[in-house]
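Keep in mind that what you see is a predicted model, and the values were worked out from it rather than measured.
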Amino acid sequence: TGTFQERRYSNRPAFDMGYVQVADQRIDRRTTARLELEKGFASLGLQLSFAFEHIVNASNDAFYTYRNDAFSFRLGYTF
């Protein structure tokens, strides 16, 4: 799955890394991509899943421009 979001911050200017104002309004564009794999072991009552998410936030304020990766593992047990 994936998402795209755009957020406009009112009354919040954008700055460069030298704290020089570059725009009157900060605008962020965030894109995410997520992959999730799941495997059940019914005879044992177990469910195992793994997820990976890649996040890119592009902003006209240099401090808020970043890339991030997140991993998660989950083990479930039914009793």
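D61 is linked by a salt bridge (charged side-chain N to carboxylate O under 4.0 Å, His left out) to nothing, counting only residues two or more places apart in sequence or in another chain. In this view, Q47 and E38 satisfy the side-chain hydrogen bond (donor to acceptor under 3.5 Å, both in side chains) rule, not counting sequence neighbours. In this structure, F4 has no ring-ring contact (aromatic ring centres under 6.0 Å, His included) partners at least two apart in sequence or on a different chain. Every residue meeting the salt bridge (charged side-chain N to carboxylate O under 4.0 Å, His left out) condition with R8, not counting sequence neighbours, appears here in chain and number order: E6.
If you chain together ILVMFWY residues whose side-chain heavy atoms come under 4.5 Å of each other, V22 ends up in a group of its own.
Within the 4.5 Å cutoff, side-chain heavy atoms of R26 are placed close to those of S59. No side-chain heavy atom of T3 sits less than 4.5 Å from a side-chain heavy atom of T31.
Smallest separation of non-hydrogen atoms from Y9 and Q25: O-CG, 3.1 Å.
There is a path of hydrophobic side-chain contacts, each under 4.5 Å, that joins Y77 to F41.
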For residues 48-56, please give each side-chain donor-acceptor pair under 3.5 Å, one per line with the distance, not counting sequence neighbours.
unit_1: S49; atom_1: OG; unit_2: R74; atom_2: NE; d: 3.2
unit_1: S49; atom_1: OG; unit_2: R74; atom_2: NH2; d: 3.3
unit_1: H54; atom_1: ND1; unit_2: D69; atom_2: OD1; d: 2.5

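Taken to the nearest 0.5 Å, the CG atom of N68 stands 10.0 Å off from the CG atom of N57. Atom CG in D28 sits 8.5 Å away from atom OH in Y64 (nearest 0.5 Å). Note: I27 CD1 to R12 CZ = 13.5 Å, rounded to the nearest 0.5 Å. Atom-to-atom distance recorded for D24:CG and N11:CG is 10.5 Å, nearest 0.5 angstrom.
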